[in-house]
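Comments concern the structure below.
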Amino acid sequence: MNDDKSTAPTNFIRNIIDKNLAANLYANKTWAGQPGPSKTHKNASIDAAKIRTRFPPEPNGYLHFGHAKSIILNFSLAQDYGGRCHLRFDDTNPEKENEEYVKSIIDGVHWLGYKFQDEYENNLYYASNYFDHMYDAAKVLINAGLGYVDKQTADEIRINRGTLTDPGKNSPYRDQSIDDNLQLFEEMKAGKYKDGEMVLRAKINMASPNINLRDPAIYRIRHVPHHNTGDKWCIYPMYTFAHPIEDALEKITHSICTLEFEDQRPFYEWVLKKLAEFEFFDKPLPKQHEFSRLNLSHVVLSKRKLIQLVEDNYVNGWDDPRMPTLVGAKRRGYHPKGFKLFMDRIGVSKSDSIIDYQTFEDAMRDVLNQECNRKIAVLNPIKLIIENFDENHTEICTVPNHPQKPEEGNREVKLTKELWIEAEDFEIIPPPKYFRLFPGNKVRLRYGFVVECTDYELDNEGHVTTVYCNYFPETKSGTEGSDSIKVKGNIHWLSTNFSKEITIRNYDRLFLSENPSELDNFLDDINQSSIETKSAYCEESISDVKTGEQFQFERHGYYIVDPESNSDEIIFNRTATLRDNWQK
RNA sequence: AGGGGAGUCGCCAAGCUGGUUAAGGCACAGGGUUUUGAUCCCUGCAUGCGAAGGUUCGAAUCCUUCCUCCCCUGCCA
């Protein structure tokens, strides 16, 4: 599974990096060991990191599968090219961000298996720690006549921005003197003005066909305390201005973001080019590259919709195993290695795409098959009584913990006269090609004996309650006679005397249609049977299991111990079923 | 409508400085192994690269026109 080197990730971003490296673009790039403008890095040594990438989340929500794509992309690039990947909180909007999200994001990145700190560097950064630099950068622009304080209202600015087809109109404050702008900007910072009263704008071109270049706002007034800087600031930079600066301060080489920022790239480049002209930054400057975000079928990934699912209680919180969040994935039993395999398989490109959920699930199965030891569980029990079996006898059966990994060892399971088997493993009138139990048919009790069905019993409603069999003592698994009777069917079982009751939560997809986001109301599309809770029997060896432990219940699927388990009740969440090629 | 992107097998995705039988994965179909109808292993699966023209000995790759889809008019990111 990990020898998936045939699918060796090659994508347009790697091609760009290869080309940049071949051109020796970063040969003279210095790094002072910490972020800063050109003066910080000026006399520093050559950066040991061949490239620098970053994952820059805004701490205003929980990480989801889409973030996982970006995290894995950026960190694996840094890993593969001998570089570094920074985790940077893009916390420039105090109204939405908080520490709780910061913590959960750090946990999520760690959970996926990535480190951003070691004995050499600690690459955990906050955009809010750069506010002084950003303020300085804004003044550089103002001094160069490239920035002005606009007293128009938000509405006026919007109207004067023009439309997609009509050019905008210059602000009456556009030609204010540099000194006035400087003074106004300082007064903004000093708290002299109210929220929204004025804004600092870059002076570019109000007639640009690219709306992002029509004198974008770069600083706004917000008298709101910040989770990191407290009351120090009442003006905050806009993302479009802050982001290129953050990247340049951190000497990022490849600034990778999603497609919707493509139109923003000219401004990103404008900011850096101007600041480099005034020696605020050194070359090489970071370059922005865009890839298409992850879309998964049968899933919603927009923050707004995710919040709705949680707040309106369609799911039980952000870590509900049905949620496409990282905390949900962890609780569902999705494995970090599975995420990486999945990302390798789907690649990175610029085309919009919707990936089958099946592809994701299949990558998980691949990983889980390797990672999980096996257990036996009977989920839908009916009784099987071996008529010719001594009711005082207990037969010890040896069971391998992992069929492909003998080094995982064996365990013992006890077989007695009265057993639980799956209701699905018996049919009164078998469908074509059915090779499990039916009257007259022989089947192997996995790891035990071959039995032949002699009779069965029904309840008042016609449901099978008990199946009667005779066993063939010479056919015990692992003995010479085990092959003396050939059978096709092979079913699992548990002694009614030696089994433990557990709780099972079988999860299924949360949405019925392929693309719920396209629907008028995605909430109508919720799968009402996305969770099924039931009690089941499991082998005794399950008793001392711990939260987070994962197993394959043979012939069923992959299960993980839920945190809500306690000494009285062990709860298992179904991560995924096994593939099933058998159709009736 | 102005600007920016994307269209290669059911779903992804290489290739795209022109020259190979158009990689690979997932899915699917068939076969083998197997005490999980799982895993694993084989085999098959685009005369075709959004469409139409053109250039060329030769085009998915170059040119022209057209079509479809996505993104952009926050003092969000």
Side-chain angles (χ1 to χ4, degrees), chain A residues 1 4 6-12 15 56-58 60 90-93 95-97 150 152-154 157-159 161-168 195-201 208-214 216-222 236 238-240 242-243 257-266 290 292 297 303 341-342 344-356 358-360 362-363 365-366 369-370 374 376 399-400 403-404 433-436 444-448 450 477-478 482-483 487-492 552-557 577-583:
Chain A
M1 151 227 121
D4 240 271
S6 53
T7 48
T10 167
N11 58 50
F12 77 100
N15 292 159
E58 182 185 18
N60 71 343
D90 207 353
D91 53 354
T92 56
N93 184 352
E95 294 175 299
K96 293 184 171 179
E97 301 150 3
D150 196 339
Q152 290 182 107
T153 65
I157 288 179
R158 180 173 47 75
I159 289 161
R161 185 159 28 231
T163 68
L164 293 178
T165 48
D166 305 315
D195 287 6
E197 203 170 332
M198 52 188 67
V199 77
L200 179 67
R201 291 230 255 173
S208 172
N210 181 348
I211 290 181
N212 300 297
L213 260 20
R214 318 239 262 230
I218 59 178
Y219 256 98
R220 78 285 212 179
I221 302 170
R222 284 289 176 280
Y236 293 95
M238 302 284 292
Y239 163 85
T240 50
H243 210 85
C257 61
T258 43
L259 251 29
E260 67 270 27
F261 294 102
E262 278 180 315
D263 292 341
Q264 214 67 245
R265 193 173 60 230
E290 311 86 9
S292 59
S297 73
K303 196 170 284 177
L341 180 60
F342 171 62
D344 278 351
R345 285 181 177 176
I346 64 172
V348 177
S349 76
K350 300 186 71 142
S351 44
D352 298 309
S353 59
I354 300 180
I355 283 124
D356 286 344
Q358 192 178 238
T359 303
F360 173 79
D362 194 78
R365 285 195 184 100
D366 262 30
N369 179 237
Q370 295 294 317
R374 318 275 112 140
I376 298 165
V399 179
Q404 279 88 42
K433 292 189 187 164
Y434 185 84
F435 53 66
R436 279 112 96 174
R444 174 172 296 279
L445 296 178
R446 196 161 161 72
Y447 310 120
V450 171
S477 294
S482 68
D483 284 338
V487 291
K488 229 180 161 192
N490 194 319
I491 68 171
H492 63 276
Q552 181 197 102
F553 287 163
E554 292 197 2
R555 304 212 298 136
H556 284 298
T577 61
L578 256 30
R579 257 199 220 88
D580 185 9
N581 290 334
W582 154 252
Q583 286 109 340

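Keep in mind it's a predicted model, so treat the numbers as computed, not measured. In what follows, chains are A, B, ... by sequence order, proteins preceding strands, each numbered from 1.
Side-chain N or O atoms of Ser349(A) include one that pairs as donor or acceptor with a backbone N or O of Ser351(A) at under 3.5 Å. At distances below 3.5 Å, at least one donor-acceptor pair connects side-chain atoms of Thr163(A) with backbone N or O atoms of Thr165(A).
Closest to the side chain of Thr359(A), from the set U73(B), A27(B), C26(B), is C26(B). The listed nucleotides are C75(B), A27(B), U36(B); the one nearest the side chain of Glu554(A) is U36(B). Distance from the side chain of Arg374(A) is smallest for U36(B) among the nucleotides U36(B), U73(B), A77(B). For Leu259(A), counting side-chain heavy atoms from C-beta on, the closest listed nucleotide (G5(B), C75(B), A38(B)) is G5(B). Closest contact between the side chain of Asn210(A) and the listed nucleotides C26(B), G3(B), G74(B) involves G3(B).
The residue Met238(A) sits close only to the backbone: its heavy atoms come under 4.0 Å of sugar-phosphate atoms, none of a base. Using a 4.0 Å heavy-atom distance criterion, Arg222(A) is classed as a base contact. Note on Gly162(A): a base of the nucleic acid sits closer than 4.0 angstrom, heavy atoms only. Residue-level contact check: Thr153(A) touches the bases, meaning some heavy atom is under 4.0 Å from a base atom. Nucleic acid contact class of Asp263(A) (heavy atoms, under 4.0 Å, all strands): base. Counting any heavy atom pair closer than 4.0 Å across all strands shown, Glu97(A) reaches no nucleic acid atom. If you check every strand for non-hydrogen atoms under 4.0 Å, Glu290(A) touches nothing. The residue Phe435(A) sits close to a base: some heavy atom pair falls under 4.0 Å. Using a 4.0 Å heavy-atom criterion, one finds that Gly478(A) contacts the bases of the nucleic acid, with or without backbone contacts as well. Nucleic acid contact for Tyr236(A): none, since no nucleic acid atom lies under 4.0 Å from a heavy atom of the residue. Gln404(A) comes within contact range of at least one nucleobase, with a heavy-atom separation under 4.0 Å. In this structure, Gln552(A) reaches the bases: a heavy-atom distance under 4.0 Å links it to at least one base atom across the strands shown. When heavy atoms are screened at a 4.0 angstrom cut-off, Arg161(A) is found touching the sugar-phosphate backbone but no base atom.
In terms of heavy-atom proximity, Asp362(A) sits nearest to Arg345(A) at OD2-NH1, 3.4 Å.
The interatomic distance linking Arg220(A) (CZ) with G74(B) (C1') rounds to 9 Å, in whole Å. The CG-P distance, from Asp580(A) to A27(B), rounds to 14 Å in whole Å.
Within the 4.0 Å cut-off from OP1 or OP2 of G37(B), at least one side-chain nitrogen or oxygen of Arg555(A) is found. For A38(B), the OP1/OP2 oxygens have no side-chain nitrogen or oxygen of Asn369(A) closer than 4.0 Å.
Anti is the conformation of G58(B), whose glycosidic angle sits further than 90° from 0.
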Below 3.5 Å between N/O atoms, which protein atoms pair up with nucleotides 42-46 of chain B? Just atom names and distances, please.
none

Between protein and nucleotides 12-17 of chain B, what N or O pairs are separated by less than 3.5 Å?
| from | atom 1 | to | atom 2 | distance (Å) |
| --- | --- | --- | --- | --- |
| C12(B) | OP1 | Ile354(A) | N | 2.8 |
| C12(B) | OP1 | Ile354(A) | O | 3.1 |
| C12(B) | O2' | Ile346(A) | O | 2.8 |
| A13(B) | OP1 | Ser349(A) | OG | 2.5 |
| A13(B) | OP2 | Ser351(A) | OG | 3.3 |
| A14(B) | OP1 | Val348(A) | O | 3.1 |
| G15(B) | OP1 | Asn15(A) | OD1 | 2.9 |

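Partner of Glu554(A) under the side chain to side chain donor-acceptor pair (under 3.5 Å) criterion, chosen from His492(A), Arg446(A), Arg374(A): Arg446(A).
In secondary-structure terms, RNA chain B builds stems of at least 3 consecutive Watson-Crick or G-U pairs, each pair having both distances under 3.5 Å, at B:2-7 with B:67-72, B:10-12 with B:24-26, B:28-32 with B:40-44, B:50-54 with B:62-66.
Stacking of Tyr239(A) onto the six-membered ring of A77(B) is not present when judged by under 5.5 angstrom between centres and under 30° between planes.
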